[in-house]
Colleague: 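One structure follows; several queries about it will come next.
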Amino acid sequence: MEQGPDFIEELRWRGLLHDHTPGVEEHLRTGRRLGYIGFDPTAESLHVGNLVQIMLLVHYQRCGHVPIALVGGATGMVGDPSGKSEERNLLDEATLDRNIAGIKAQLARFIHFGDGPADARMVNNYDWFKDMGFLRFIRDVGKHITVNYMMAKDSVKKRLETGISFTEFSYQLVQGFDYQWLHTHLGVTVQMGGSDQWGNITTGTELIRRMGGGEAFAITSPLLTKSDGSKFGKSESGNVWLDAKRTSPYRFYQFWLNTADEEACKCLRIFTTWEKERVEALIAEHLKAPHLRAVQKALAEDITKRVHGEEELRAALQASEILFGNASVEALGTLTEQQWLEIFEGVPQADVPRGALEQGIGMVDLLTDHGAFLPSKGEARRALKENSIAVNKAKAGEDRVVNTSDLLGGKFILLQRGRKNYYLVKVVG
RNA sequence: GGGGAGAUACCCAAGUGGCCAACGGGGGCAGACUGUAAAUCUGUUGUCUUACGACUUCGUAGGUUCGAAUCCUGCUCUCCCCA
């Protein structure tokens, strides 16, 4: 068979390998193997925190193997205790269905699905759990694993003090059975996941072994954290989602562009599919001239393009140029209304009646009463005194009055507080 | 059950009758610097109007006083020690 790069070796240099069961390397070298990763359908969209797992599948496929994406329609109903200090809320079926559909669509942007021998496949564990009764489960599955074994898992041990429901305690068995089922029905022999999933995955390999299914392997990736130790994939405004409706492509692009130097290099290895030489050349270039931020730019462009497409990337680049570049008022004036709305999507906006603007509006009122951009007039005055407010890119003082002559594109006024906070005033009526 | 300590702004924490919108630190925001970074420095950080002003705020409800975060009483909550 045509064999791509060595998967384990690939993970290793990319910094994606945390742990693996003995023998996987050989196992993967000697044939095309089916490997799976489970995704929790807790939301309608995946976020960049899931991206590491997605990349595992991407690299897996690139290396000539067959990735299986499992959405946990059943496991999502139970709740994984790993890394959670408290019992989780359960999702209802309708929500789960919607979430699963959303996730499927997103995964398709990364890996190639189809019916060919090397194509990725998508499965939902609800399909094999929905008709399984409790008695059958505890007879066929539960019989093979001891409670002692289950209690030894970190995810369970940590919760023994504070309490864990039987439901969450059972989680590992449910996930373990997934693996067992995929093993016997599809011939899946590899399960991957974040290092926090090690316990759950090995319950699966154990189950397969005890149920006489033979060999099954586990591979985990390190959990990605930022250099300050905080969780990766959160911006000040919360989770960074892959769904453009939740995180605009512009914000998405900015998230990657703003990664710290050290992280950016790490991310470049993890989140691009570029070969080693290209990655290393970029990093070397970055070290020579860090202020150019070649790594961040390359990273942000590549990921944004993959997630949102060429068009959206271009818009994000344009927006960034206008917001952070040296775009002049003239440049702003040339934008079409459509462009305005696209660029400033996600930026606080306010509608102001044309009549009020014709009479002229003082800065303090514009920032508070009309725009509600700042919480109080005192704060607005302070900001104006601090010289931090700009109208259409020009600093404004407290006595500045805006009127229709300030309109750009006939319709918009751009306010800024400091360098990074934008507010858009739209005229209506 | 007995005894003690405490509750102050986003967080920590000073303040024990007027000079308290309340020291200081953290955090936030902004300015300078810079790489849309980090570090650093500076300013700012209850609300409202025409700000030399007014109003609301120191757990909660009352009271004493010309005047209270500060004193008194009830209540709620937190912590500690002894049993």
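Chain letters run A, B, ... following the sequence lines, proteins first and then strands; every chain starts at 1. Remember, predicted model here, so these are calculated numbers, not experimental data.
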Colleague: Taking the P atom of each, how far is B/rA68 from B/rA61, in whole Å?
Modeller: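 My reading of the P atoms in B/rA68 and B/rA61 gives 16 Å.
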Colleague: Once you round it to whole Å, what is the distance between P of B/rU36 and CZ of A/Phe255?
Modeller: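 That distance rounds to 19 Å.
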Colleague: Going by purine N1 to pyrimidine N3 plus the second Watson-Crick contact, or the G-U wobble pair, all under 3.5 Å, which nucleotide sits opposite B/rC77?
Modeller: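 Looking at the geometry, B/rC77 pairs with B/rG6.
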Colleague: If I pick the P atom on B/rG1 and the same atom on B/rU56, what distance separates them, to the nearest angstrom?
Modeller: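 My reading of the P atoms in B/rU56 and B/rG1 gives 42 Å.
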Colleague: Separation of A/Glu321 atom CD from B/rG35 atom P, in whole Å?
Modeller: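 So the CD-P distance, A/Glu321 to B/rG35, works out to 16 Å.
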Colleague: What nucleotide among B/rC48, B/rG35, B/rU50 has an atom nearest to a side-chain atom of A/Arg293?
Modeller: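 Between B/rC48, B/rG35, B/rU50, the one nearest the side chain of A/Arg293 would be B/rG35.
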Colleague: Taking only residues two or more places apart in sequence, or in another chain, which ones meet A/Arg109 in a salt bridge (Lys or Arg N to Asp or Glu O under 4.0 Å)?
Modeller: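 Testing A/Arg109 for salt bridge (Lys or Arg N to Asp or Glu O under 4.0 Å), a comparison that skips the adjacent residues, returns none.
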Colleague: Is a salt bridge present between A/Glu9 and A/Arg12, judged by a nitrogen-to-oxygen distance below 4.0 Å?
Modeller: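 Yes, this pair counts.
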Colleague: Expressed in whole Å, how much space separates the P atoms belonging to B/rG46 and B/rC58?
Modeller: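 Approximately 16 Å lies between the P atom of B/rG46 and that of B/rC58.
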Colleague: Rounded to the Å, how far apart are A/Trp256 CH2 and B/rA37 C1'?
Modeller: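 Those two atoms, CH2 and C1', are 17 Å apart.
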Colleague: Using the C1' atom on both, measure B/rA21 against B/rU44 and round to a whole Å.
Modeller: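 After rounding to an integer number of Å, I get 15 Å for this pair.
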Colleague: Which value, in whole Å, describes the distance between the C1' atoms of nucleotides B/rU8 and B/rG3?
Modeller: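 Taking atom C1' in both B/rU8 and B/rG3, they lie 26 Å apart.
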Colleague: Please pick, from B/rU36, B/rU50, B/rG35, the nucleotide with the shortest atom-to-atom distance to any side-chain atom of A/Tyr253.
Modeller: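 Of all the options, the side chain of A/Tyr253 is nearest to B/rU36.
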Colleague: In whole Å, what is the span from the CG atom of A/Asp399 to the C1' atom of B/rU50?
Modeller: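 After rounding, the reported distance stands at 16 Å.
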Colleague: Taking pairing as Watson-Crick or G-U wobble with both contacts under 3.5 Å, can you name the mate of B/rA83, or confirm there isn't one?
Modeller: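 Result: none.
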Colleague: Quote, to the nearest angstrom, the C1' distance that separates B/rC72 from B/rU65.
Modeller: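 Between the two C1' atoms, the distance is 11 Å.
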Colleague: Parallel under 30°, tilted from 30 to 60°, perpendicular over 60°: which one fits the rings of A/Phe166 and A/Phe169?
Modeller: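 Tilted: the ring planes of A/Phe166 and A/Phe169 meet at 30° to 60°.
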Colleague: Please give the distance between the C1' atoms of B/rG17 and B/rC66 as a whole number of Å.
Modeller: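 These two C1' atoms come out 12 Å apart once rounded.
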Colleague: Using a cut-off of 4.0 Å between protein heavy atoms and nucleotide atoms, how would you tag nucleotides 25-33 of chain B 5' to 3' with B, S and -?
Modeller: ----SSSS-
Colleague: Counting any heavy atom closer than 4.0 Å, what does A/Leu292 reach on the DNA or RNA strands: base, sugar-phosphate only, or nothing?
Modeller: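 No contact.
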Colleague: When the P atoms of B/rG4 and B/rA9 are considered, how many whole Å apart are they?
Modeller: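 Nearest-Å result for B/rG4 against B/rA9 at atom P: 27 Å.
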Colleague: Can you tell me if A/Lys385 touches the phosphate of B/rG43, counting only side-chain N or O atoms and a distance under 4.0 Å to OP1 or OP2?
Modeller: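 For B/rG43, OP1/OP2 do not have a side-chain N/O of A/Lys385 under 4.0 Å.
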Colleague: Is it the case that the side chains of A/Ser320 and A/Gln254 hold a donor-acceptor pair, with the cut-off being a distance below 3.5 Å and no angle test?
Modeller: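 Checked: A/Gln254/A/Ser320 side chains pair up, N/O donor to acceptor below 3.5 Å.
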Colleague: Please report the closest heavy-atom contact between A/Thr202 and A/Thr205, naming both atoms and the distance.
Modeller: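 Minimum heavy-atom separation between A/Thr202 and A/Thr205: O-OG1, 2.9 Å.
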Colleague: Looking only at the side chains, is there a donor atom on one of A/Gln172 and A/Ser155 sitting less than 3.5 Å from an acceptor on the other?
Modeller: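 Checked: A/Gln172/A/Ser155 side chains show no N/O donor-acceptor pair below 3.5 Å.
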Colleague: Expressed as a whole number of angstroms, how long is the span from A/Leu384:CG to B/rU44:P?
Modeller: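 A/Leu384 atom CG is separated from B/rU44 atom P by 16 Å.
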Colleague: Determine the minimum heavy-atom distance between A/Ala74 and A/Phe129, stating which atoms define it.
Modeller: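 Result for this residue pair: CB-CD1, 3.6 Å.
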Colleague: Kindly give the heavy-atom pair with the smallest separation between A/Ala319 and A/Ile343, and that separation in Å.
Modeller: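 Result for this residue pair: CB-CG2, 3.5 Å.
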Colleague: Reading RNA chain B from 5' onward, which residue's closest nucleotide shows up sooner: A/Thr368 or A/Pro290?
Modeller: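 Going by which nucleotide is closer to the 5' end, it is A/Pro290.
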Colleague: Round to a whole Å and report the spacing from CG of A/Leu317 to P of B/rU36.
Modeller: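 The distance from CG of A/Leu317 to P of B/rU36 comes to 15 Å, rounded to the nearest Å.
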Colleague: Atom CZ of A/Phe324 and atom P of B/rU34: how far apart are they, to the nearest Å?
Modeller: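 Nearest whole value for this atom pair: 18 Å.
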Colleague: Could you grab the distance from atom CG of A/Leu357 to atom NE2 of A/His370, nearest 0.5 Å is fine?
Modeller: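 These two atoms lie 9.0 Å from each other.
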Colleague: Taking the nucleotide of RNA chain B with the nearest heavy atom to each, does A/Asp369 or A/Ser320 sit closer to the 5' end?
Modeller: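 Residue closer to the 5' terminus by nearest nucleotide: A/Ser320.
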Colleague: Rounding to an integer number of Å, can you tell me how far A/Leu299 CG sits from B/rA37 P?
Modeller: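 Atom-to-atom, A/Leu299 to B/rA37, this comes out as 17 Å.
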Colleague: With a 4.0 Å cut-off on heavy atoms, is A/Thr259 in touch with a base, just the backbone sugar-phosphate, or nothing at all?
Modeller: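 If one applies the 4.0 Å heavy-atom cut-off, A/Thr259 turns out to touch nothing in the nucleic acid.
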